[in-house]
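Here's the structure we're looking at; comments come further down.
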Amino acid sequence: MREFFPVLVYNVAVCNLASFTIKDSLSNFLDRLETILMHRWSQLFIPTLREAPADAEVASHKLLVRAGYIRQLGAGIYSFLFLGNRSTQKIMGIVREEMDKIGQEFYLPALNPREIWEASGRWTTMGENMFRLKDRKGADLCLGMTHEEVMTDIARKELRSYKQLPQIWYQIQTKFRDEPRPKSGLLRVRQFIMKDAYSFDIDAAGLDVSYLKHYDAYCRIFDRCGLKYMVIDAHSGAMGGSQSQEFMVRTPAGEDQVVSCEKCSYAANMEKAASKLASVEDLATEGDGGPLEVHTPGQKTIEDVARFLGVSQKHTIKTLAMVITEEDAKTGKTRTRPVVLLMRGDHQMNEAKLSTAVGGKATRPMQEDEIRELFRAPAGYLGPLGTEWARDLNDSGKPILLVDTALEGRTNLIGGANKENYHVKHLTPGKNFHPTAYVDLRSVTAGEDCPNCGSPLRIDTAVEIGHIFKLGYKYSESMGARVLDRNGKEVAPIMGSYGIGIERILTAAIEQSNDENGFWLPPSIAPFEVVVVSTNSKDEAIRAASEAIARQLETAGYDVLLDDRDERPGVKFKDADLVGIPFRINVGKKVTEDTVEVVRRSTLLKEDVKLSAISEYFRGLHPSGH
RNA sequence: CGGGACGUAGCGCAGCCUGGUAGCGCACUUGCUUGGGGUGCAAGGGGUCGCGAGUUCAAAUCUCGCCGUCCCGACCA
């Protein structure tokens, strides 16, 4: 603020020339100047609401609207008003400062021609999630959901040599996604601001460095934003990604499930999380140990069968019949391929893990007629016997048998007999049936042991605020970016992509710190750091002291909001508590003793502070140490 | 895209079933009052009842269609 002072005076002067009539005295002019330099509540637009809109469900949504930060324009489309804009601007400022340390900021178009999305193949794969439009000539355009294509287009046109690498390019801009279901205020929207960065390196070792730079920058950004976050290993998808981590903030409003260890640093999302299982003592062998059919009339579920036979579900096999859709390499036609999964009876299958196991293809449960055709038996009695048709994963089109790792090494399990009303005892993998592969298909559940340290795992819902991702060669190859390496050989640069959701930082911060009266933001991202409440605007001593304190702190470099409205103190206190400002100074009767109250919003604890000690007081509290 | 709910003043809601002058609280305007946790009193302003058709002498209310918003699910680079 201070360094912009001369510029501001100039602008204000110029702006006012037009309306500067003879009637306007110099002091009037200076008053106006003062209003602009000092943020006076009485002259600002901060439309606070006593009640939240009926549409709002999650805390941050209700409070953002109540505090006058945002207003809704349509489903998943929001306007940012004065306070909301100040806060997101501060967040962007922090992101920009830290990103400038590792990369270069660009400004890219949101309006993209179809061609570059055709080149990467995403014009079709993005499907309905992409906003599309036509120009007057009928040419297809879309609104950018992310900017791999545009960045890679620049790279392919401009980068020629390994000597130009590495490059880290970033932007902080609006993105558009036609979400099937916008929800939870700013958490899931159709237009939002994102910082996205892209790295180009000559080799994997270079990518490791770029990736690490982003990891460090992200930690600094989220630390400075005052968030309590965790970094988790993420499901990197089937397409080329080798490493991927997500920065998550725990909150019940979140949409993602995150597994984390109570003791050590282990954390992963559900699609990736693993756990150590307590070992199970297998059932004893009866008779000769060969497969033994048992009559289980009407017992279709694992629960039924285990109870009926008087065994734990841990000794049973759950047989799941799925289908994947794959494309024939030669004809290009899609066809289905049966995938039979064996899980321990009490375990849940994770579809993302399954999808990863089969190379990222779409999966769905088998239909009744497909089941009958493959097993010659009805659902409820399926089992691994007679699955000799199971083939190699690469043997396109043929059925495969995937067995969860929890069953590896187990013996004498109980599963369906592929015959109505019958199950089979003494099933042992590798002996009675032969898996295509053992793979981890199981969803971790809370309380299981951490794979690192053995402590209990917890599962929380969380919001993703950042994501770093080793892209590999997907875009550089498909879009034809090439540079010459040291040997003069043409190679595709290896890429990384790195995103941060700006509004999600604000939302997560509010979710982390709110009560029924409002919320409090970390000073670094709050629209104002301090609100000075003049408790009685008719009392000249109080009014003057409020002005003086506000000006003093403003001069010291703080962002100060002076509540000079002619309102009752109760109204001002309620509003101050609502709007997210972390510190409040109540200026009241005690000014006659040169004393004011400082209130920390997070605790609502009040402290009497001498006027002469105000600056000193805040020097101690301010995290960025003015 | 499947399931559910809602749409009446800026916000929160009643009225609809049983058709007949559109109401309450907050907010807003004016005056007085009050001045440390949304002060009190008085007088006001503000509504094509989401849109369109239909039934009817008459529709916020009944019927049909459309649009919009929210919730659950599916989806989520």
Side-chain angles (χ1 to χ4, degrees), chain A residues 45 47-58 61-62 65-66 68 71-78 117 120-130 142 144-149 175-185 187-190 192 194 196 198 234-241 244 246 254-257 269 271 351-352 355 360 362 364-365 463-464 467-469 471 474-475 495 497-499 501 516-518 533-539 542-543 563 565-578 584-591 596-597 599 604 606:
Chain A
F45 182 62
T48 58
L49 260 31
R50 203 185 284 227
E51 286 174 287
D55 285 351
E57 195 79 3
V58 301
H61 185 194
K62 288 180 186 165
V65 174
R66 282 228 289 142
R71 287 294 184 265
Q72 182 169 22
L73 184 61
I77 311 174
Y78 288 87
W117 290 80
S120 71
R122 294 209 290 181
W123 180 262
T124 41
T125 56
M126 281 303 186
E128 299 270 271
N129 269 351
M130 188 150 75
C142 68
M145 312 173 68
T146 171
H147 280 74
E148 276 86 359
E149 279 78 3
K175 312 274 177 196
F176 300 87
R177 286 179 202 177
D178 194 0
E179 288 288 343
R181 188 173 156 211
K183 58 185 280 202
S184 307
L187 236 35
R188 188 154 213 83
V189 288
R190 297 196 291 174
F192 56 98
M194 186 173 172
D196 53 331
Y198 304 89
H235 170 66
S236 52
M239 295 305 285
S244 168
E246 291 170 346
E255 301 185 284
D256 296 327
Q257 298 272 301
N269 67 17
E271 292 77 52
E351 286 202 43
S355 174
R364 63 163 173 84
V463 172
E464 179 187 349
H467 194 168
I468 54 177
F469 191 82
L471 272 180
K474 179 173 161 52
Y475 295 92
M495 292 174 59
S497 95
Y498 317 88
E516 66 279 11
N517 291 316
V533 175
S534 169
T535 58
N536 186 342
S537 55
K538 295 220 170 38
D539 184 318
I542 289 175
R543 194 201 60 78
D563 190 351
R565 293 175 297 168
D566 183 16
E567 288 286 355
R568 293 184 46 101
V571 173
K572 295 187 175 190
F573 294 155
K574 286 287 183 192
D575 271 345
D577 287 349
L578 174 61
R584 175 168 106 222
I585 297 176
N586 293 337
V587 184
K589 292 192 198 83
K590 280 179 278 188
V591 281
V596 293
E597 273 171 3
V599 186
L604 291 177
K606 295 174 183 164

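Just so we're on the same page: letters track the sequence lines, and every chain starts at 1. Scope of the values below: all heavy atoms of this structure, side chains included, with no hydrogens, waters or symmetry mates.
A search for side-chain contact (heavy atoms from CB on, under 4.5 Å) contacts involving A/K175 returns A/H147, A/Q171, A/F192, A/M194, A/D196, not counting sequence neighbours. Every residue meeting the side-chain contact (heavy atoms from CB on, under 4.5 Å) condition with A/K62, not counting sequence neighbours, appears here in chain and number order: A/A52, A/A56. A/R66 is linked by a side chain to side chain donor-acceptor pair (under 3.5 Å) to nothing, counting only residues two or more places apart in sequence or in another chain. Evaluation of the salt bridge (charged side-chain N to carboxylate O under 4.0 Å, His left out) rule for A/E179 yields A/R188 as partners, not counting sequence neighbours. Taking A/R568 as the reference, nothing meets the side chain to side chain donor-acceptor pair (under 3.5 Å) condition, with sequence neighbours excluded.
In this structure, of B/rG37, B/rC70, B/rU39, it is B/rU39 that holds the atom nearest to the side chain of A/V571. Here the nucleotide nearest the side chain of A/P569, chosen from B/rC76, B/rC71, B/rG35, is B/rG35. In this structure, of B/rG73, B/rG35, B/rC70, it is B/rG35 that holds the atom nearest to the side chain of A/S537. Distances from the side chain of A/E51 to the nucleotides B/rC11, B/rC76, B/rC71 place B/rC11 closest. Checking B/rG36, B/rG37, B/rC75 against every side-chain atom of A/T535, the shortest atom distance belongs to B/rG36. When the nucleotides B/rU34, B/rC76, B/rG38 are ranked by their closest atom to the side chain of A/K538, B/rU34 comes out on top. The side chain of A/N586 approaches B/rG36 more closely than any other nucleotide in the set B/rU69, B/rC71, B/rG36. Looking at the side chain of A/E57, the nearest of the listed nucleotides B/rA74, B/rC71, B/rU69 is B/rC71. Each of B/rC13, B/rG25, B/rG36 was ranked by its minimum atom distance to the side chain of A/A54; first place goes to B/rC13. Nearest to the side chain of A/D577, among B/rG38, B/rC75, B/rG37, sits B/rG37.
Across A/R190, A/Q72, A/R71, a single residue satisfies side-chain contact (heavy atoms from CB on, under 4.5 Å) together with A/Y78, and that is A/Q72.
Base contact: A/K606 has a heavy atom under 4.0 Å from a base atom. In this structure, A/G499 reaches neither bases nor backbone, as no heavy-atom distance under 4.0 Å exists between it and the strands shown. Counting any heavy atom pair closer than 4.0 Å across all strands shown, A/A52 reaches sugar-phosphate atoms only and no base atom. Nucleic acid contact for A/S534: none, since no nucleic acid atom lies under 4.0 Å from a heavy atom of the residue. In this structure, A/K183 reaches the sugar-phosphate backbone alone: every heavy-atom distance under 4.0 Å involves primed, P, OP1 or OP2 atoms, never a base. Residue contacts for A/P53: at a heavy-atom cut-off of 4.0 Å it reaches the sugar-phosphate backbone alone, with no base atom in range. A/D566 comes within 4.0 angstrom of a nucleotide base, judged by non-hydrogen atoms across all strands. When heavy atoms are screened at a 4.0 angstrom cut-off, A/E597 is found touching base atoms of the nucleic acid.
Between B/rA14 and B/rG2, the two P atoms lie 29 Å apart (nearest whole Å). Separating the P atom of B/rC17 from that of B/rG73 is a span of 35 Å, rounded to the nearest Å. Remark: the separation of the C1' atoms in B/rU30 and B/rC72 is 49 Å, to the nearest Å. Annotation: B/rA22 and B/rG40 have their C1' atoms spaced 29 Å apart (nearest Å). To the nearest whole angstrom, the two P atoms, one in B/rA27 and one in B/rG12, are 15 Å apart. Comparing the same atom, C1', in B/rC6 and in B/rU34 gives a spacing of 41 Å after rounding to whole Å. Here, B/rU18 and B/rU63 have their P atoms 10 Å apart, quoted to the whole Å. Nucleotides B/rC11 and B/rC51 are separated by 15 Å at their P atoms, to the nearest Å.
Pair assignment for B/rU29: B/rA43, on the basis of Watson-Crick or G-U wobble contacts that are both within less than 3.5 Å. With a 3.5 Å ceiling on both atom-pair distances, B/rU55 lacks any Watson-Crick or G-U wobble partner.
RNA chain B is contacted by both A/M126 and A/Q72; A/Q72 maps to the nucleotide lying nearer its 5′ end (nearest heavy atom per residue). When each of A/N536 and A/K574 is assigned the nucleotide of RNA chain B bearing its nearest heavy atom, the one mapping closer to the 5' terminus is A/N536.
Between the A/T535 side chain and the A/V587 main chain, a donor and an acceptor come within less than 3.5 Å of each other. For A/K590 (side chain) and A/E597 (main-chain N/O), no donor-acceptor pair under 3.5 Å exists by modelled atom type.
Between A/D539 and A/K589 there is no salt bridge, since none of the side-chain N atoms of the basic residue sits less than 4.0 Å from a carboxylate O of the acidic one. The residues A/E255 and A/K183 are annotated as salt-bridged, a charged nitrogen and a carboxylate oxygen being separated by less than 4.0 angstrom.
Across the protein-nucleic acid pair, A/H61 atom NE2 and B/rU69 atom C1' stand 11 Å apart, rounded to whole Å. A/I542 places its CD1 atom 9 Å from the P atom of B/rG36, with the value rounded to the nearest Å. Going from atom CD of A/E128 over to atom P of B/rA74 covers 19 Å, rounded to whole Å. Between the CZ atom of A/R565 and the P atom of B/rG38 there is a distance of 14 Å, given to the nearest Å. If you measure from atom CG of A/N269 to atom P of B/rC76, you get 13 Å, rounded to the nearest angstrom. B/rC13 atom C1' lies 14 Å from atom CG of A/L49, rounded to whole Å. If you take CG of A/D55 and C1' of B/rG50, they are 14 Å apart, rounded to a whole angstrom. In this entry the distance linking CD of A/E271 with C1' of B/rC75 reads 13 Å, nearest Å.
Residues A/I77 and A/V189 have side chains not in contact (no heavy-atom distance under 4.5 Å, counting atoms from C-beta outward).
Phosphate proximity of B/rG36 to A/K589: present, with a side-chain N or O under 4.0 Å from OP1 or OP2. Not one side-chain nitrogen or oxygen of A/R50 sits closer than 4.0 Å to the OP1 or OP2 atom of B/rG38.
Within 3.5 Å, a donor on the side chain of A/R584 pairs with an acceptor on the base of B/rG37, or the reverse. The base of B/rG37 has none of its N or O atoms less than 3.5 Å from a complementary donor or acceptor on the side chain of A/N517.
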In the 5'-to-3' direction, what one-character label does each nucleotide of nucleotides 28-33 of chain B receive under the scheme B = base within less than 4.0 Å of a protein heavy atom, S = sugar-phosphate only, - = no such atom?
------
